[in-house]
Amino acid sequence: MGEFINFQIKGIEALEFNITEPKVKIESENTFGFELLLEHNIDLEKNSVAVECYIKIGSENNATQFAALKTVCIYEIPDLNSHAISTKDNIKLPDSLVVSLNSVTISTVRGVAFTLFRGTYLHNAILPIIDPSVLTPTSES
């Protein structure tokens with residue numbers, strides 16, 4: 001088990017939001033498809049990590065996109081330098097911290113999305129429970 005790392009949310013902001021009217025009637029029991037992307041922006045000097053979460057909501061097979069939402073959660077992590085491993089090209093955080101930040105971010109975005117979709121045809125498009133430990137990191141070359 002990894003070490004406990006203290007952190008707290010310092011800010012939550014919806015950066016982008018769009019919803020399109022469907023071309024066909026969406027039934028309340030409709031099944032939706034979700035795409036999720038998380039990006040971590042680390043600022044060692046400010047002891048902060050901003051986790052941007054971008055979700056797309058579409059038809060079950062994602063052939064049609066209904067909405068997109070980009071949200072950022074900003075976290076303060078005291079003494080972040082002591083937990084981060086810096087190399088010339090990137091900064092690596094402990095897996096346990098990344099999983100915790102991802103978990104809180106996804107849960108927060110689920111609430112933001114639910115609030116924004118209330119009263120629309122996407123009212124029942126609730127982001128499913130996601131195990132943040134199985135998310136696969138990607139790197140840009």
Side-chain angles (χ1 to χ4, degrees), residues 1-81 83-141:
M1 184 170 186
E3 69 177 296
F4 175 79
I5 300 173
N6 187 31
F7 66 90
Q8 69 180 39
I9 295 178
K10 283 301 197 180
I12 303 166
E13 188 174 339
L15 302 174
E16 298 173 17
F17 173 65
N18 67 58
I19 186 169
T20 57
E21 286 301 316
K23 293 181 169 103
V24 296
K25 185 175 187 214
I26 305 297
E27 302 297 331
S28 62
E29 64 277 352
N30 195 54
T31 303
F32 296 96
F34 295 88
E35 290 184 35
L36 178 104
L37 175 68
L38 294 169
E39 180 179 317
H40 298 85
N41 299 301
I42 303 166
D43 187 333
L44 293 175
E45 290 180 15
K46 293 182 179 176
N47 286 318
S48 71
V49 177
V51 182
E52 289 184 5
C53 181
Y54 183 67
I55 59 171
K56 292 181 186 177
I57 300 92
S59 55
E60 186 173 15
N61 61 3
N62 284 320
T64 304
Q65 182 176 319
F66 299 132
L69 171 64
K70 183 176 182 181
T71 305
V72 65
C73 293
I74 301 165
Y75 300 93
E76 179 181 55
I77 305 168
D79 199 21
L80 182 58
N81 273 312
H83 304 293
I85 300 169
S86 297
T87 65
K88 181 182 175 190
D89 296 326
N90 75 30
I91 300 169
K92 179 162 176 25
L93 299 175
D95 290 343
S96 60
L97 177 59
V98 171
V99 168
S100 294
L101 294 174
N102 288 349
S103 179
V104 173
T105 299
I106 293 167
S107 296
T108 302
V109 170
R110 183 179 298 109
V112 170
F114 183 79
T115 299
L116 292 172
F117 296 154
R118 187 178 13 204
T120 74
Y121 73 97
L122 293 175
H123 183 81
N124 292 317
I126 299 172
L127 185 64
I129 303 298
I130 299 168
D131 180 356
S133 67
V134 299
L135 296 176
T136 306
T138 59
S139 60
E140 295 178 5
S141 301

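- Atom OG1 of T71 sits about 7.0 Å away from atom CD1 of I55, to the nearest 0.5 Å.
- In this structure, Y54 and K70 approach most closely via the heavy-atom pair CD1-CB, 3.7 Å.
- I5 places a side-chain heavy atom less than 4.5 Å from the side chain of I77.
- Under the side chain to side chain contact (heavy atoms under 4.5 Å, CB included) criterion, A125 pairs with F32, F34, I57, L122, sequence neighbours left out.
- Counting heavy atoms from C-beta on, the side chains of V112 and F17 never come closer than 4.5 Å.
- Aromatic ring pairs are classed by plane angle as parallel below 30°, tilted from 30° to 60° and perpendicular above 60°; the pair H123 and F114 is tilted.
- For the side-chain hydrogen bond (donor to acceptor under 3.5 Å, both in side chains) test, residues two or more places apart in sequence or in another chain that qualify with D131 are S133.
- Contacts of E76 classified as salt bridge (Lys or Arg N to Asp or Glu O under 4.0 Å), with partners at least two apart in sequence or in another chain: K10.
- With contacts defined as side-chain heavy-atom distances shorter than 4.5 Å, the pair R110/I126 qualifies.
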Self-check item: Steps toward side-chain contact (heavy atoms from CB on, under 4.5 Å) verdict (V49, L80)
Solution: CA-CA 9 Å; V49 177; L80 182 58; 4.0 Å; yes
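- For the atom pair CD1 of I106 and CD1 of I129, the computed distance is 9.5 Å after rounding to the nearest 0.5 Å.
- K92 is linked by a salt bridge (Lys or Arg N to Asp or Glu O under 4.0 Å) to D95, counting only residues two or more places apart in sequence or in another chain.
- Every side chain to side chain contact (heavy atoms under 4.5 Å, CB included) that N18 has, sequence neighbours left out, goes to Q65, A68.
- Remark: T115 engages no residue in a side-chain hydrogen bond (donor to acceptor under 3.5 Å, both in side chains) (not counting sequence neighbours).
- Scanning for side chain to side chain contact (heavy atoms under 4.5 Å, CB included) contacts around N41 gives E39, A50, E52, with sequence neighbours left out.
- Using a 4.5 Å cut-off on side-chain heavy atoms (C-beta onward), I91 and L44 make contact.
- Counting only residues at least two apart or on different chains, the side chain to side chain donor-acceptor pair (under 3.5 Å) pairs with a member in residues 98-108 are H40-N102, Y75-T105.
- Looking only at side-chain heavy atoms (C-beta outward), L36 and L135 come within less than 4.5 Å of each other.
- Nearest heavy-atom pair across H83 and P94 is O-CD, 3.2 Å.
- For the side chain to side chain contact (heavy atoms under 4.5 Å, CB included) test, residues two or more places apart in sequence or in another chain that qualify with N61 are S59, A63.
- A distance of 6.5 Å separates CG in N81 from OG in S86, rounded to the nearest 0.5 Å.
- You'll find the side chain of V51 stays beyond 4.5 Å of the side chain of V72, heavy atoms only.
- Note that CG of L38 is 4.5 Å distant from SG of C53, once rounded to the nearest 0.5 Å.
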